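Worksheet: the structure to be examined is printed underneath.
Just so it is clear, the model here is predicted, and its values are computed rather than measured.
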Amino acid sequence: MTKAPHDEYILTLTCKDKTGIVAHVSSFLAQNDGFILSSQQHADLATGQFFMRVRFHDAGRCPTLQCLRDDFLPLTEKFQFNWSIERADTKPKIIIAVSRGSHCLNDLLHRWRTGSLPVEIAAVISNHQTLEHMAKWHDVPFIYLPVTDDNARAAQEDAIVALMDDLDADYLVLARYMQILSDNLVERLEGRCINIHHSFLPGFKGARPYHRAHDRGVKLIGATAHFVTADLDEGPIIEQAVERVDHRDSPEDLIRMGRDIEARVLARAVGWVAEKRVFVNGNRTVVFR
């Protein structure tokens with residue numbers, strides 16, 4: 001694809017930290033008529049890892065994106081980068097998985113439809129048909145994948161993987177999808193699956209968490225978005241938020257506020273991942289906000 005002058009790109013990279021990385025990357029961009037619009041980097045002294053995100057435009061010295069990538073290769077080999085250069089307007093494809101709760105799905109669909117969420121929603125999948133009407137109203141394909149027993153669960157998860165392959169989806173977003181994924185599926189989707197849940201965990205597990213939190217007299221409620229791993233609800237955290245509550249708030253008030261926080265936190269997490277702002281760093285993340 002031929003580039004236009006001043007096309008914008010995002011360069012991301014991770015590697016073992018060493019002296020000279022920023023200088024070499026900056027020199028490369030300057031030599032290729034690259035104009036840096038923003039640059040963020042972080043050196044983790046504990047792990048020895050380095051993370052960098054640069055948004056830039058260029059005056060067209062390289063006629064194609066592939067030419068730009070090819071020119072960058074010697075530098076990647078020198079520093080052993082794990083890297084990518086993509087157009088800044090590239091939108092990853094996502095599939096949203098949901099059960100019966102509508103608040104996160106509705107928020108993602110609305111943000112996508114109004115252009116404030118930089119993704120392409122390829123499909124909505126669910127183990128219930130409750131929210132089919134919502135997906136169809138937004139002209140998004142809805143695929144019903146019921147779960148009835150262990151054999152059906154394995155077949156359903158195979159169908160999810162096949163669907164992601166068929167639609168060339170980059171990420172699976174669990175928007176209050178009330179099913180535990182098998183270790184096999186989690187492994188197949190490593191780094192490509194995002195979940196949202198209330199932030200009471202590991203306390204108040206199971207049913208009616210807001211009622212039990214109310215009975216306990218909690219003063220903070222919140223939500224956590226994270227990458228899914230085999231350790232249930234313990235993957236690398238992308239985003240969290242909390243709100244203060246007090247004795248005047250009923251369980252229903254907590255549920256209402258909790259749903260709102262969950263929707264906002266999940267949307268931020270998905271947006272940051274889409275904009276290549278999130279880097280996995282062991283069991284943590286680096287997020288360039």
Side-chain angles (χ1 to χ4, degrees), residues 1-44 49-95 108 111-112 114-122 164 167-173 190-192 194 225 227 236 238-239 267-281 285-289:
M1 179 178 179
T2 301
K3 301 194 286 100
H6 305 306
D7 278 350
E8 292 187 11
Y9 303 91
I10 294 175
L11 162 65
T12 60
L13 62 89
T14 64
C15 64
K16 286 291 184 182
D17 194 16
K18 61 177 65 176
T19 302
I21 297 172
V22 175
H24 278 80
V25 170
S26 299
S27 295
F28 166 80
L29 293 175
Q31 291 164 8
N32 283 274
D33 296 328
F35 185 88
I36 296 175
L37 301 171
S38 66
S39 179
Q40 295 168 288
Q41 54 271 337
H42 172 68
D44 188 328
Q49 289 295 114
F50 181 81
F51 307 85
M52 189 173 191
R53 178 186 186 273
V54 183
R55 183 167 181 145
F56 66 96
H57 69 59
D58 71 274
R61 181 179 178 275
C62 281
T64 65
L65 174 57
Q66 189 58 51
C67 170
L68 188 64
R69 290 168 173 163
D70 290 344
D71 282 1
F72 192 60
L73 275 176
L75 200 57
T76 70
E77 294 168 355
K78 174 181 176 67
F79 289 98
Q80 294 298 295
F81 291 155
N82 180 4
W83 65 283
S84 73
I85 300 177
E86 303 289 346
R87 290 182 57 92
D89 58 2
T90 299
K91 295 182 179 181
K93 287 185 180 180
I94 69 170
I95 292 175
L108 292 173
R111 292 174 188 267
W112 165 74
T114 57
S116 62
L117 190 67
V119 300
E120 293 183 30
I121 300 179
M164 291 193 69
L167 296 178
D168 196 24
D170 299 287
Y171 297 97
L172 177 66
V173 177
E190 182 180 3
R192 302 173 58 202
I194 302 169
F227 288 112
I238 304 168
E239 172 63 338
R268 282 201 292 265
V270 172
W272 290 342
V273 169
E275 292 174 344
K276 296 186 174 296
R277 297 180 180 276
V278 181
F279 300 76
V280 175
N281 182 23
T285 59
V286 171
V287 182
F288 291 131
R289 298 179 58 175

| said: Does Leu73 form a side chain to side chain contact (heavy atoms under 4.5 Å, CB included) with Trp83? I'd like the steps, not just the answer. | reply: CA-CA 10 Å; Leu73 275 176; Trp83 65 283; 3.8 Å; yes

| Shortest non-hydrogen contact from Phe28 toward Leu68 | CZ-O, 3.9 Å

| Sub-4.5 Å side-chain heavy-atom contact between Val270 and Val119 | yes

| query | Roughly how far, to the nearest 0.5 Å, is the CD atom of Glu86 from the NZ atom of Lys91? | reply | 15.0 Å

| Between the main-chain N or O of His24 and the side-chain N or O of Ser27, is there a donor-acceptor pair closer than 3.5 Å? | no

| said: How long is the straight-line distance from CZ of Arg53 back to CD1 of Ile10, given to the nearest 0.5 Å? | reply: 4.0 Å

| Does the Arg69 side chain pair with the main chain of Ile85, one donor and one acceptor, at a distance under 3.5 Å? | yes

| message | Return the CG to OG1 distance between Leu65 and Thr90, rounded to the nearest 0.5 Å. | response | 8.0 Å

| task | Apply side chain to side chain contact (heavy atoms under 4.5 Å, CB included) to the pair Cys15 and Gln80, showing each step before the final yes or no. | result | CA-CA 6 Å; Cys15 64; Gln80 294 298 295; 5.6 Å; no

| remark: So CZ of Phe50 and OG1 of Thr19: to nearest 0.5 Å the spacing works out to 10.5 Å

| Electrostatic pair Arg87-Asp7, nearest N-O below 4.0 angstrom | yes

| side chain to side chain contact (heavy atoms under 4.5 Å, CB included) between Leu37 and Glu8, worked out | CA-CA 9 Å; Leu37 301 171; Glu8 292 187 11; 3.5 Å; yes

| task | Check each of Leu11, Asp33, Asn32, Val25 against Phe56 using the side chain to side chain contact (heavy atoms under 4.5 Å, CB included) test, and report the only one that passes. | result | Leu11

When the side chains of residues 271-280 are checked against the rest of the protein, which donor-acceptor pairs come out under 3.5 Å, sequence neighbours left out?
{"from": "Glu275", "atom 1": "OE1", "to": "Arg277", "atom 2": "NE", "distance (Å)": "2.8"}
{"from": "Arg277", "atom 1": "NH1", "to": "Phe288", "atom 2": "O", "distance (Å)": "3.1"}

| query | Is a side-chain donor-acceptor pair under 3.5 Å present for Gln40 with Ser38? | reply | no

| query | What closest approach, in Å, do Ile121 and Leu108 show between heavy atoms, and which atom pair accounts for it? | reply | CD1-O, 4.1 Å

| Nearest non-hydrogen partners of Pro236 and Thr285, listed with the distance | CB-CG2, 3.6 Å

| Among pairs that include at least one residue of residues 70-84, which meet salt bridge (Lys or Arg N to Asp or Glu O under 4.0 Å), considering only residues two or more places apart or in two chains? | Arg61-Asp71

| CZ-CG distance between Arg192 and Leu172, expressed to the nearest 0.5 angstrom | 9.0 Å

| query | Hey, what do you get for CD1 (Ile95) to CD (Glu120), rounding to the nearest 0.5 Å? | reply | 12.0 Å

| side chain to side chain contact (heavy atoms under 4.5 Å, CB included) against Lys18, all qualifying residues, sequence neighbours excluded | Ile21, Phe79

| Can you say whether the rings of Phe72 and Phe81 are parallel (under 30°), tilted (30 to 60°) or perpendicular (over 60°)? | parallel

| request: Please report the closest heavy-atom contact between Asp168 and Lys93, naming both atoms and the distance. | output: O-CD, 3.7 Å

